[in-house]
Protein chains: 2
Amino acid sequence: MAQKNRLKYIILGLLIDRPQTGYDLTKSFDSDIGEFWSANHSQIYPLLNRMETAGLLQHDQVQVGEKLVKKRYSVTDTGQQEFFRWLQEPSPLDNAHDEFLLKLYFVKDQHADLLRVMVTEQLALHQAKLDNLNAQLADKFPTTQQQTQSYGHYQLLRHAILRERDYVAWLGEI
Amino acid sequence: MAQKNRLKYIILGLLIDRPQTGYDLTKSFDSDIGEFWSANHSQIYPLLNRMETAGLLQHDQVQVGEKLVKKRYSVTDTGQQEFFRWLQEPSPLDNAHDEFLLKLYFVKDQHADLLRVMVTEQLALHQAKLDNLNAQLADKFPTTQQQTQSYGHYQLLRHAILRERDYVAWLGEI
DNA sequence: CGGAGCATGTAATTCGTTACATGATTGT
DNA sequence: ACAATCATGTAACGAATTACATGCTCCG
């Protein structure tokens, strides 16, 4: 089962918003969505094909100029179901990629009820992590002597704590 | 060239600190370093072998009990050079893994001069990113109407901005 | 007519996860 | 004795990056 394939859901989300070509999708990862997720065209094109074979997508052809034919992909009903199923799944913490942020990106204000559940769940996870980090800090760096001895490690823990604290505050605002 | 292989440098850093077995290294990723980087033993053992072949590591054997022989790895001079070369390289921003944090973890207070350079460089990068995000926010969400229409996207940008602002503040403290 | 960008692919390689596999040691 | 955990590997697979490859369109 190897990996999560979250790129699949990003593509579904983007295509639900608006049917696009693989090239258009690729550009999204260079601009807005690129802030927190990246993907190359060499990953996107084969995935689009696989997703179409799997019945999640379909495409029509758009004539451009004399010869060029673009493939404009859109999401099938099956694909929509898959996407919304994913949106409603819990999003466990993962220090490589924040899946919650990804989902948030696709939430328009209409699913306000789902949003509340999602935020509450994340809040609990981040609060737990924050508590854990604070415990670690107290455990590993009880004296100022140890703080200067492993300065980098100490600052790192402080940074992680600040980050979680902010995350919790930000979630609280939503 | 495919990927960065930053795991290699983490292993070098951990082994410079203290010679250890592959099993010990694996445990590090479940505790402190696991906050921001992960690795499985199935990735570590083959990498240790490759790194030894490449002349970065060496190991001696430690007898435990009757039959079991542990491999305790340590870093060669070549490996040390490679590690410090990496430490001194610039650390470009990467939204998947923060390479700067990784380096910071290995900085004991003695390299205070290097630390200053590293922090200054990161500060510039994050400040630039913060400016860019602020510009995006002004560009994409000039009215409150657009903020509620793509609520998730809006909150996401806000989150990114808060995060960068905090990162900059934290760097400033160091 | 030339160059920047549009548009779509494949190939090679590495990274990373999950699962499979085996055996020794230590403490209860 | 038996369970937890120490200790070291391999195999299979999917994800992600880099490089290779080709052709079209639009604008100046």
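Chain identifiers are assigned alphabetically (A, B, ...) following the order of the sequence lines, protein sequences preceding nucleic acid strands; residue numbering begins at 1 within each chain. Values below: every heavy atom of this structure, side chains too, minus hydrogens, waters and symmetry copies. The structure presented is a predicted model; accordingly, all values stated were derived computationally and were not measured.
- A donor-acceptor contact shorter than 3.5 Å links the side chain of A:Asp98 to the backbone of A:Leu101.
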Where protein sits on nucleotides 1-8 of chain C, one letter per nucleotide: B base, S sugar-phosphate only, - none, heavy atoms under 4.0 Å: -----BBB
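- The distance from atom CE of A:Met51 to atom C1' of D:dA15 is 15 Å, rounded to the nearest whole Å.
- Between B:Gln43 and C:dG16 there is a side-chain N or O to OP1 or OP2 distance below 4.0 Å.
- Aromatic ring centroids of A:Tyr9 and A:Phe106 lie 6.0 Å or more apart.
- Counting to the nearest Å, the C1' atom of D:dC13 and the CZ atom of A:Arg50 are 12 Å from each other.
- Between A:Tyr45 and A:His41, the angle of the ring planes goes over 60°, which puts this pair in the perpendicular group of the 30/60° scheme.
- Of all heavy-atom pairs between A:Lys103 and A:Ser91, the closest is NZ-OG, 2.9 Å.
- Under 4.0 angstrom from either OP1 or OP2 of C:dT17 there lies at least one side-chain N or O belonging to B:Asn40.
- One atom, CZ of B:Phe29, and another, P of C:dG16, lie 10 Å apart when rounded to the nearest Å.
- One interatomic measurement links the two molecules: CG of B:Leu48 to C1' of D:dA7, which rounds to 13 Å at whole-angstrom precision.
- Ring geometry for A:Tyr167 versus A:Trp170: interplanar angle over 60°, hence perpendicular rather than tilted (30 to 60°).
- Every residue was checked against the salt bridge (Lys or Arg N to Asp or Glu O under 4.0 Å) condition with A:Arg18, not counting sequence neighbours, and none meets it.
- Note: CD1 (A:Ile11) to C1' (D:dA15) measures 13 Å, nearest angstrom.
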Between A:His59 and A:Ser74, does a side-chain contact (heavy atoms from CB on, under 4.5 Å) hold up when you go through it step by step? CA-CA 6 Å; A:His59 78 270; A:Ser74 55; over 6 Å; no
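- Note: CD (A:Gln61) to C1' (C:dG9) measures 15 Å, nearest angstrom.
- Contact annotation: A:Asn5 side-chain N/O to D:dG14 OP1/OP2 distance is not under 4.0 Å.
- The interatomic distance linking B:Asp60 (CG) with D:dA7 (P) rounds to 14 Å, in whole Å.
- Residue whose closest nucleotide on DNA chain D sits further toward the 5' end, between A:Gln63 and A:Leu7: A:Leu7.
- Computed from coordinates, the A:Asp94 CG to D:dA15 P distance equals 14 Å when rounded to whole Å.
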